[in-house]
Visitor: 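Structure provided below as structure tokens; questions to follow.
What you see below is based on every heavy atom in this structure, not just the backbone, and it leaves out hydrogens, waters and symmetry mates. The chains referred to below are lettered A, B, ... by the order of the sequence lines, with proteins before strands, and numbering in each begins at 1.
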2 protein chains.
Amino acid sequence: MGIADDSVEIRSQGWRTLAALHGLIEGELERALTSNVNLSVVEYTVLDALSRQHGWHMRMQQLGRATALSPSATTRLVNRLEERGLLTRVLCADDRRGIYTELTAPGQALLADARPVHDETLERALTQARDMPELAPLVDALPTLTRA
Amino acid sequence: MGIADDSVEIRSQGWRTLAALHGLIEGELERALTSNVNLSVVEYTVLDALSRQHGWHMRMQQLGRATALSPSATTRLVNRLEERGLLTRVLCADDRRGIYTELTAPGQALLADARPVHDETLERALTQARDMPELAPLVDALPTLTRA
DNA sequence: CATAAATGATTGCACACGCAACTATGCCGC
DNA sequence: GCGGCATAGTTGCGTGTGCAATCATTTATG
């Protein structure tokens, strides 16, 4: 068993750690956001991503990449948020196939409510993961990759 | 805006990076495993976790934690794998509430087929992520946390 | 120009998931 | 032993998701 086999095992180990930490954080966020502001994690991700965009509008495809969701799931996700009045569809003039989504005022207001819930829950989840020997190294590594 | 606010933003940034990388890898693994050996990522995770256990048996609850799945999802996941003959339920004598799951010979055989698919796909996904500026730091950090 | 290929987004369908309620077994204090 | 409580696992139900097929619009090709 040579060096190549070791690197395979190291990669798998890193992936398991990544998946475990992701599952822990997402589970905590899901519970906190749904019970407090009635938003799932992906729904929050959409609102948050929109709020970071210039002019607060994005194409469907960008939303799909931002949320790691399929096109069909993206469509229905936007449907749900639009029916709740949190965002609006705006078809862009230059390419009439494309559709922009924009945050509405209620959407921005709900996001303002959701952000502290999200941030505090994330902090609690990370401190919780920090106490697990398997996850601690990854938790410590996260803040170091802010700047390239 | 002081130091505290910065750390909140740094945490959120790290979480977005983690989620993005997780989504990319899981998507690649899902496609590769389903098309080649007809296994989802969680199903592979179960078989892999079982193969790492002494005696190849685990309780349902352990499987739930290993896969970040709810109890109900764990039950039905084991149902699917049992119906395919890849594992068997074995109720343990000391605590008759608990149920052990064991890999069968076909389960081990299928896992042997699936592992190279999994490993090669993981490597491709990581090199792919390595070329994305926002994901590269995390990809590079992963191998460093094997031992801590 | 007309027609084919490509792209953005949506719908039909089957399925995996979480939550809440439920059953069954184990663990107490009395 | 016996009621009360906790724990392990399973089921009913509603819902979010991916895949494949589809429609609409843009771009390329003859």
Visitor: Specify the angle, to 10°, made by the local axes at the two ends of the helix from dC1(C)-dG30(D) to dC30(C)-dG1(D) when five pairs are taken at each end.
Guide: 30°
Visitor: So does P71(A) get a backbone contact from the side chain of T75(A), meaning a donor-acceptor N/O pair under 3.5 Å?
Guide: yes
Visitor: With a 3.5 Å distance limit and no angle check, can you tell me whether E26(B) reaches the backbone of G23(B) through a side-chain donor-acceptor pair?
Guide: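 No, because the side chain of E26(B) does not come within donor-acceptor range (under 3.5 Å) of the backbone of G23(B).
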Visitor: Give every pair of a protein N or O atom and an N or O atom of nucleotides 22-28 of chain C that lie under 3.5 Å apart, one pair per line with the distance.
Guide:
from	atom 1	to	atom 2	distance (Å)
dG26(C)	OP1	R96(B)	N	3.0

Visitor: May I have the list of side-chain donor-acceptor pairs in residues 120-129 of chain A shorter than 3.5 Å, sequence neighbours left out?
Guide:
from	atom 1	to	atom 2	distance (Å)
T121(A)	OG1	V117(A)	O	2.6
T127(A)	OG1	E123(A)	O	3.1
T127(A)	OG1	R124(A)	O	2.8

Visitor: Any chance you could list the contact pattern along nucleotides 11-20 of chain C? Use B for base contacts, S for sugar-phosphate-only contacts and - for none, protein heavy atoms under 4.0 Å, 5' to 3'.
Guide: BBB--SSBB-
Visitor: Could you grab the distance from atom OG of S40(A) to atom CG of L81(A), nearest 0.5 Å is fine?
Guide: 7.5 Å
Visitor: Are the side chain of T101(A) and the backbone N or O of M58(A) linked by a donor-acceptor pair below 3.5 Å?
Guide: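 Pair found, side chain donor or acceptor close to backbone of M58(A).
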Visitor: For R16(A), which residues count as a side chain to side chain contact (heavy atoms under 4.5 Å, CB included) partner, sequence neighbours excluded?
Guide: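 For R16(A), the residues satisfying side chain to side chain contact (heavy atoms under 4.5 Å, CB included) (neighbours in sequence not counted) are E9(A), S12(A), Q13(A), D48(B), R52(B).
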Visitor: Hey, where on DNA chain D does chain A first and last touch, going 5' to 3'? Cut-off is any atom under 4.0 Å from a heavy atom.
Guide: dG16(D) to dT26(D)
Visitor: Do any pairs count as a side-chain hydrogen bond (donor to acceptor under 3.5 Å, both in side chains) and have a residue in residues 85-98 of chain A, sequence neighbours left out, and if so which ones?
Guide: N79(A)-R89(A), E82(A)-R89(A), D95(A)-R97(A)
Visitor: Output every pair passing ring-ring contact (aromatic ring centres under 6.0 Å, His included) with a member in residues 94-113 of chain B, not counting sequence neighbours, ordered by first then second residue.
Guide: H57(B)-Y100(B)
Visitor: By side chain to side chain contact (heavy atoms under 4.5 Å, CB included), which residues pair with T34(A), not counting sequence neighbours?
Guide: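 With neighbours one apart ignored, the set is E30(A).
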Visitor: Going by side-chain heavy atoms closer than 4.5 Å, which hydrophobic residues are tied to L91(B), directly or by a chain of links?
Guide: none
Visitor: Excluding sequence neighbours, so at least two apart, what forms side chain to side chain contact (heavy atoms under 4.5 Å, CB included) with A19(B)?
Guide: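 A19(B) satisfies side chain to side chain contact (heavy atoms under 4.5 Å, CB included) with H22(A), W15(B) once adjacent residues are dropped.
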Visitor: Holding to side chain to side chain contact (heavy atoms under 4.5 Å, CB included), I want the full list of residues that pass it with A136(A), two or more places apart in sequence or in another chain.
Guide: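 By the side chain to side chain contact (heavy atoms under 4.5 Å, CB included) rule, A136(A) matches R130(A).
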